[in-house]
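First the structure, in the form of structure tokens, and then the observations on it.
None of the values given here were measured: they were computed from a predicted structure.
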Amino acid sequence: MVSKAQGKTVKTRRVFYIPGYDPIHPRRYRELYRKESAAQAAISGYEIGLKPKAGRGNYGWQVDAEIDGQRVSAQVEVLVWSDIVRESMSSSIPATYWQLLRTAWVYIGSGALWRLMGLRKGPVIAALYPVGMLMAQALLAVALGLLTYGLLGMLSDHWAARLAFAALGMGLGIALLRWFKKKDGKFFAYYLMHDYAYSAATKGANPPQLEARMATFGDAIAAALTDDVDEVLVVGHSSGAHLGVSVLADLIRSGRVAEGGPALGFVTLGQVVPMVSFLPRAERLRSDLRYLSARDELAWVDVTAPGDGCAFALCDPVAVSGVAPEGKRWPLVFSAAFTQTLSPARWKALRWRFFRLHFQYLCAFDRPRDYDYFQITAGPQTLAARYDGRPASKSRIDQAVSKYTSVAA
């Protein structure tokens, strides 16, 4: 499918990584890149190393690699919105349960939930998990309070004692809820609830604060496109995928991707686009998906894997959203095929670590095929050249599924 190879060899590259809904400091991604690139280099027989990024601006690092006998220098920058994420996660326990009810109503009332289940059940189960877990936590808290009241009530039937026992039971139930929230690093119930509630709160529209941040992302990428580099590569992971779609669509519409400049590549990894694009007020995203899918200013590759239960694996985000135009070119959709690119022992170790698998696209594969994150970001080929002639996965889903297909004017 990739026909415009833009086939010059890459010696210098600018990489912009857009994380998903993640409150963690971007140094996490630097350390992940450092560790996993070294592991992949040892497996695949190339050299790669990191050093601090020079200059001011976005958080990032410098990568120097020698792959296929060619030296490449890449500057990787993280386009940070973790502060927005943290602010959206600052809800109290009662507010989180209100988010639960509101989010469930948005997805059920709009009909989006049933259509999403028709695509992939994995990410829908992941979306239902925090609902079930939070309800279970609430029921346990209520049960603890009632049990405490019932047991102590056998000691005295005086009204004052009964009132004290009820207060104690309620206090223990609240304490249990607070304990669950404190331990959410193990349960992920609050984290996932905030994640899905973030888009549901506006029914798919971008909040003003996020729109403003996306504009700064666009400015950073536009500046890189005027640099003397061979390729500018944008990587959108998880929720960062649909942010990248809108950022790049805005850049091209406004004429900020000049002909004759660096090759422009866009990689979406583990995308969850339908969770947003299927909502009624996601006209902006649907318009950007439609627009970007027909442009020749960039190469867009979408990589997922059925083994990743948190992503809409092999679902063409443009087609399933019902906005595929005539002359659609992008994205090229194919699978990272975890069951084939990871050894049986490695797959066994990771199979039930759902959140770790959602980050596998950024990690080393011990049986790599044509997907190698580090060759894409630090190798000697542009994204378009690397996947020129690569067919899309036959098992991809490319039928229109969304009920809502309206686009922004």
task = Name all residues meeting the salt bridge (charged side-chain N to carboxylate O under 4.0 Å, His left out) criterion together with Lys186; count only those two or more places apart in sequence or in a different chain, and write none if there are none.
result = none

Please list all pairs meeting ring-ring contact (aromatic ring centres under 6.0 Å, His included) that have one or both residues in [range], counting only residues at least two apart or in different chains.
range	value
residues 205-262	His237-His358, His237-Phe359
residues 82-110	none
residues 263-288	Phe266-Trp300
residues 46-68	His25-Tyr59, Tyr33-Trp61

Pair listing, salt bridge (charged side-chain N to carboxylate O under 4.0 Å, His left out) test, anchored in [range], at least two apart:
range	result
residues 16-35	Asp22-Arg28, Glu31-Arg34
residues 72-98	Arg14-Glu77, Asp83-Arg213
residues 44-55	Lys51-Asp64
residues 88-109	none

Minimum-distance pair of heavy atoms, taken over all atoms of Leu314 and Ser395 =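 Leu314 and Ser395 have their closest heavy atoms at CD1-OG, 3.2 Å.
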
remark   = Result for side chain to side chain contact (heavy atoms under 4.5 Å, CB included) between Val10 and one of Leu383, Thr382, Leu233 points to Thr382

Are side-chain N/O atoms of [X] and [Y] paired as donor and acceptor at under 3.5 Å?
X	Y	result
Gln62	Ser73	yes
Gln99	Thr103	no
Ser406	Arg286	yes

Residues Asp227, Arg13: salt bridge by 4.0 Å N-O rule =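 The answer is no: the pair does not qualify as a salt bridge.
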
is_close_aromatic(Phe338, Tyr361), centroid dist under 6.0 Å = yes

Who are the ring pair (Phe, Tyr, Trp, His ring centres under 6.0 Å) partners of [X], not counting sequence neighbours?
X	value
Tyr129	none
Tyr196	none
Tyr17	Tyr29

task = Give me the one residue out of Asp250, Asp219, Thr226 that meets side-chain hydrogen bond (donor to acceptor under 3.5 Å, both in side chains) with Arg256.
result = Asp219

request  = Tell me whether the guanidinium CZ or amine NZ of Arg396 lies under 6.0 angstrom from the six-membered ring centre of Phe334 and within 45° of its axis.
outcome  =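 Output no; distance or angle outside limits.
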
ask   = Are any non-hydrogen side-chain atoms of Cys310 and Pro123 less than 4.5 angstrom apart?
value = no

